[in-house]
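Below is one structure, written out as structure tokens; comments come after it.
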Amino acid sequence: MSGPDMGQLESDALAAWDRAFEANPSDRQKFYITVAYPYPSGAMHVGHGRTYIVPDVIARFWRMRGREVLYPMAFHVTGAPVIGISKRIARGDQKAVTLYRDLYKVPEQTLKEFVDPLAIVRHFSEEYARVMKECGLSIDWRRRFTTVDPTYSKFIEWQWKHLHEGGHVLKGAHPVRYCPQCENPVGDHDLLEGDKAEILKFTLVMFSWNGDLIPTATLRPETIYGVTNLWVNPGVTYVRAVVDGRSWIVSREAAEKISLQDHTVVITDEIPGTTLTDQEVSHPLCGKVPILPADFVDPDMGSGVVMSVPAHAPFDYIALRDLQSLGKYTGIRPLALISVPGYGEFPAKDAVERAGIENQSDSRMESLTQEVYSAEFSHGKLFDKYGGEPVRIARDTVAKRMIEEYGSTIMFEFDTRSVVCRCGSQVFVKILHDQWFLQYSDPEWKEQVADHLKDMALVPPEVRAEFERTIDWLKDWACTRRVGLGTLLPWDPAWLIEPLSDSTIYMAYYTIAHRIREFSPELLTPEVFDFIFLGRESPELPDKARLEEIRAEFLYWYPYNFRFSAKDLISNHLTFQLFHHVAIFPQSLLPEGMVVFGMGLLNGAKMSSSKGNVFLLEDAVSEFGADTVRMFLVGSAEPWQDFDWRNELVASTRKQIERFWNTVSELGNSTGESSDIDTWLISRLQYHIRRTTEALDNFQTRQALQESFYAIESDLKWYRRRVAGAPHGSRHLKELCSVWVRLLAPIIPFTCEYLWKELHKEGLVSFAEWPVADEKLVTPDLELAEELLARTVEDIESILKIIQIEPASISIYYAPGWKQEIFSMVAGAEDKNLVIREIMKNDSMKKRGKEATDATRQCTTLIHRLPPQLVDQITASAIDEKSIFENACSFLQKEFGVPIKVFDAGESVHAKASSALPFKPAIVIE
RNA sequence: GCGAGGGUAUCUAAGCCAGGCCAAAGGAGUCGGACUUAAGAUCCGAUCUCGAAGGAGUUCAUGGGUUCGAAUCCCAUCCCUCGCACCA
């Protein structure tokens, strides 16, 4: 039989599902799940596919279990990326055009429209919706919206009014990456180079020189006590500049940077580096020190002047050593100030000497500096005369003191040298003013979130620690931007609300999205939302009756049951949304649970659109079929594990679906009489129903598939073997198929929808009743008998394999009754080492002597090897091995093609017979 | 560097929390057989090593330790993934 026509089958199912998943409040209990909505700036790949298919499987499962299930979807279009994309496409940037035209397959005509950023999100949100439907996602599309819809903006304004009034939004200054050419802050996606650059906070230590200040930038202000000199580059021309009214000497680059960081800077004249060398400067904390020449000083790093601490900085140590080896400045000695275990008086000296470094151009200097730096930071302590504090604490105390008493200031600088904007200009750190912050640092707010987290279900449980860490670690978040798409900050409309910050409670908005559109946006005052979400009455609400309905719908669905997202969002979105929920909603409406996904790989490598290493979801669906894609994505790993898409594995998934399709088509309408083995099959089925249900209850889609697909298949394999040659399947098989199709319906709904009809069932399988295990159909004795038989067959096979003789007959010797007794006694014994004594107290056993002690030892070994559950069953049910084997004689004869004889081992004199044990008969092949 | 998670046979992936059910499930791949004109599909078997009796030996990143007994518990080391922010 050939496979089904998937194309036809899929379009039939899609037609049948049209609008079927629109969810409305009902008498049923609700189940509401949401997934982080996509930012539609490109085509969906199979990684996205899993993000939405896993929740769909869960949604379908609960729907079949009789819940009213809401699974909504919307599109996040706020932010700056599409603006950059549209600019690049407008400019004809080759890389961007290739990506969109060739990889994402955007038609030429549409691509032309991409000069409008909104056209991009419009195009791809349509694509997303279309592909999501093709995948069979059971979404209520009536609730779809985008985050720039005027109605949604009204909702965001309401949210932010509450955050503001609740004291969670504060104004402050903030250092950002800034492009002077574009006159804008730049995000990661705007960068040509240095996208991982971090902003470091340097302290400018102010040395005095003839009425001028010479600042040196350092990450280690506490080392001021060990400064022996400064370094300037003699080949660089420095500038004198009036900075906030004081005269500074710094490199030209530094002057420019400082001017972006809250200082007024006026350059007055130039000073060659050579003028500075051999001059003497002073600082209250280290006294007078000379300025020495050094070529390694980079004018583009910090102030362009460096303070030298040869005792603790390898660079300084070796630069000094190099000078001194030329007979210069020999009077200068390193000055130690930190003690650190594992190093002598001068850690920098130790490190340099241990590594055998010859001179300052050695490539290992960088890592050596890092090594000393870390060792001192984590284990170092300042000498008592400098306060005796650990380095990690002293660093802050000294910095604070310098700022308060000695005119120091902060300078921001990147940790990587070259940070370049897409426009080609160098990027600087700028301090932005009037910036609004969400005050995630607020201890009280943190505590509320942490308290609520305790009540939440988290899947998998391992992520709890990471959430706790994140709540603890979160600092204030700059929540407004100057550029991009989005909602204006209601009380300061010069700012846009930052995109991660406008996506924190939209799960509540879904519940009313389709109804709120009945109002024109200008009617949607904060009072309206206050009423809908908080039940707050106010006079003059528009269309109160309608609002009552909307509020009722919100209350029906909220709080959501589970939110799904990938693990990279734990440290921002998933935690942010908790902060916002606790700030706005009452206890009873707070989120109940979260499910965190793993990441996707393609052929073992990370999926990445920019590197072209993606497999588009739509291509996957058209090549393999939606069900295959679904089954692979939820079945190859549990949702929280990383998964790896490999075409060859996916192809074999398709074969499995075809096999299932063939089996059900063949057996689905059987009506024959049933026998013991049918009863056995149905008994096993109850177990699989239970296990599948448990797995899906716990979001274990892979486990569910193992139980509902492979485990049932493997039972059927044994069944077929047992009935080989017997007439057509029984009516029990029909029942099995009906259960089987339902168990798999959440995972491969297209195939199951078709087969459901084939089985002449009413309605859609998507809404059919989820199977429930019926304990009355469980027959432990039969299962045990089949287990014994299967194990015996296995034993016989393994013997046959080894001895390689052509067997003439096979004899099975089942264990005598007294061994059963021993077996039970051993099984029931607390201490298996002492049981032999108990057994020997029994006279009839005593009479058997060695035979009985041997049997006890053998039973003990056997019991250790059998699953405990099975041992319990064996002892509980006193099975009749004799009749089991006799009943199976014809089966065994067919299996092995030779006559089978069954004997009581107790009545046999055959040497082998004595090795018979309960559940492990002696086997003799002749 | 810091924080969180992980390393199981050819690949993938159970098992680990609650140590003996473990030479270690399932799936894939590979090899052999049946069917077929052939291929594919399907079905059956094998797939760490040894073995002419259902067994034995060596394995679960590496090295130690605890225990009668360790893939599972403890310690150290190495490697991988994610996050470290104003960005979706």
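When reading the values below, keep in mind they use all heavy atoms of this one structure, side chains included, and skip hydrogens, waters and symmetry mates. Every chain is numbered from 1, with letters handed out A, B, ... down the list of sequences.
Across B:G54, B:A4, B:C86, the shortest atom-to-atom separation from the side chain of A:Ala465 is found for B:A4. For A:Ser798, counting side-chain heavy atoms from C-beta on, the closest listed nucleotide (B:C84, B:G54, B:A88) is B:G54. The side chain of A:Lys912 approaches B:G54 more closely than any other nucleotide in the set B:A14, B:G54, B:A88. Nearest to the side chain of A:Glu498, among B:A88, B:G83, B:A4, sits B:A88. The A:Val924 side chain lies nearest to B:A53 when the options are B:G5, B:A53, B:G3.
At the phosphate of B:C86, OP1 or OP2 sits under 4.0 Å from a side-chain N or O atom of A:Arg177. Phosphate proximity of B:U12 to A:Gln641: absent, as no side-chain N or O sits under 4.0 Å from OP1 or OP2. Phosphate proximity of B:G45 to A:Arg721: present, with a side-chain N or O under 4.0 Å from OP1 or OP2. In this model, the phosphate group of B:A41 is approached by a side-chain N or O of A:Lys655 to a distance below 4.0 Å at OP1 or OP2.
To the nearest whole angstrom, the two P atoms, one in B:C16 and one in B:G7, are 12 Å apart. Spacing of C1' atoms, B:U37 relative to B:C31, comes out at 24 Å, to the nearest Å. The C1' atoms of B:A13 and B:G6 are separated by 14 Å, rounded to the nearest whole Å. A distance of about 15 Å separates the C1' atoms of B:U59 and B:C50, rounded to the whole Å. Remark: the separation of the C1' atoms in B:C2 and B:A9 is 35 Å, to the nearest Å. Here the separation of B:A39 from B:U30, taken at their P atoms, is 15 Å to the nearest Å. Separating the C1' atom of B:A46 from that of B:A23 is a span of 15 Å, rounded to the nearest Å. Comparing the P positions of B:A14 and B:G27 gives a spacing of 15 Å, expressed to the nearest Å.
When the nearest nucleotides of RNA chain B are assigned to A:Asp568 and A:Ile199 by heavy-atom distance, the more 5′-ward of the two goes with A:Asp568. Mapped onto RNA chain B by nearest heavy atom, A:Thr792 and A:Pro38 fall at different nucleotides, with A:Thr792 at the one closer to the 5' end.
In this structure B:A13 sits in no base pair that meets the Watson-Crick or G-U test at under 3.5 Å. When Watson-Crick and G-U wobble pairs are counted only if both distances are under 3.5 Å, B:C2 pairs with B:G83. With both pairing distances under 3.5 Å, B:U77 is matched to B:A61 as a Watson-Crick or G-U wobble pair. Remark: B:A53 base-pairs with no nucleotide; criterion is Watson-Crick or G-U wobble with both hydrogen-bond distances under 3.5 Å. In this structure, B:U72 forms no base pair with any nucleotide, since neither Watson-Crick nor G-U wobble geometry is met with both distances under 3.5 Å. Remark: B:C22 base-pairs with no nucleotide; criterion is Watson-Crick or G-U wobble with both hydrogen-bond distances under 3.5 Å. In this structure, B:G45 and B:C31 make a Watson-Crick or G-U wobble pair, each of the two defining distances being under 3.5 angstrom.
Ion pairing of A:Arg646 with A:Asp644 is present here, as a side-chain N (NZ or NE/NH1/NH2) and a carboxylate O approach within less than 4.0 Å. A salt bridge links A:Glu895 with A:Arg721: the distance from a Lys NZ or Arg NE/NH1/NH2 to an Asp or Glu carboxylate oxygen falls below 4.0 Å. With salt bridges taken as basic N to acidic carboxylate O contacts below 4.0 Å, one links A:Lys920 and A:Asp795.
In this entry the distance linking CZ of A:Arg464 with P of B:G5 reads 13 Å, nearest Å. In this structure, the CD1 atom of A:Ile923 is 11 Å from the P atom of B:G54, given to the nearest Å. Going from atom NZ of A:Lys475 over to atom C1' of B:C86 covers 12 Å, rounded to whole Å. For the pair A:Tyr39 OH and B:A88 P, the computed distance is 6 Å after rounding to whole Å. Atom pair A:Phe75:CZ and B:A88:P shows a separation of 18 Å (rounding to whole Å applied). Look at NZ on A:Lys920: it is 11 Å from C1' on B:A53, rounded to the nearest Å. Rounded to whole Å, atom P of B:A14 lies 19 Å from atom CZ of A:Phe709. Look at OH on A:Tyr373: it is 12 Å from C1' on B:C2, rounded to the nearest Å.
Counting non-hydrogen atoms under 4.0 angstrom, A:Leu569 reaches a base of the nucleic acid. Residue A:Val463 is out of contact with every strand shown, counting any heavy-atom pair closer than 4.0 Å. Here A:Pro921 lies in heavy-atom contact (under 4.0 Å) with a base. Within 4.0 Å of A:Ile925, counting heavy atoms only, lies at least one base atom of the nucleic acid. Counting non-hydrogen atoms under 4.0 angstrom, A:Asp642 reaches the backbone sugars and phosphates but no base. Nucleic acid contact for A:Thr480: none, since no nucleic acid atom lies under 4.0 Å from a heavy atom of the residue. Residue contacts for A:His174: at a heavy-atom cut-off of 4.0 Å it reaches a base atom on one of the strands shown.
Relative orientation of the A:His76 and A:Tyr39 rings is perpendicular, given thresholds of 30° and 60° on the angle between their planes. By the 30° and 60° cut-offs, the orientation of the rings of A:Trp477 relative to A:Phe576 is perpendicular.
Geometric assessment of A:Arg720 against the ring of A:Phe891 yields a negative cation-pi assignment under the 6.0 Å and 45° thresholds.
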Readout for nucleotides 22-27 of chain B: B = base within 4.0 Å of protein heavy atom, S = sugar-phosphate only, - = neither; 5' to 3' it is ---BBS
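Rounded to the nearest 0.5 angstrom, A:Asp434 CG and A:His174 NE2 are separated by 14.0 Å.
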Side chain to side chain contact (heavy atoms under 4.5 Å, CB included) assessment of A:Thr480 paired with A:Glu498
CA-CA 5 Å; A:Thr480 50; A:Glu498 180 274 328; 5.8 Å; no
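The six-membered or imidazole ring of A:Trp640 lies away from that of A:Phe699, with a centre-to-centre distance of 6.0 Å or more.
Residues A:Cys479 and A:Val169 are in side-chain contact: their nearest non-hydrogen atoms beyond the backbone lie under 4.5 Å apart. Between A:Asn698 and A:Val459, every side-chain heavy-atom pair lies at or beyond the 4.5 Å cut-off.
Between the side chain of A:Asn662 and the base of B:A41, no donor-acceptor pair of N or O atoms lies under 3.5 Å.
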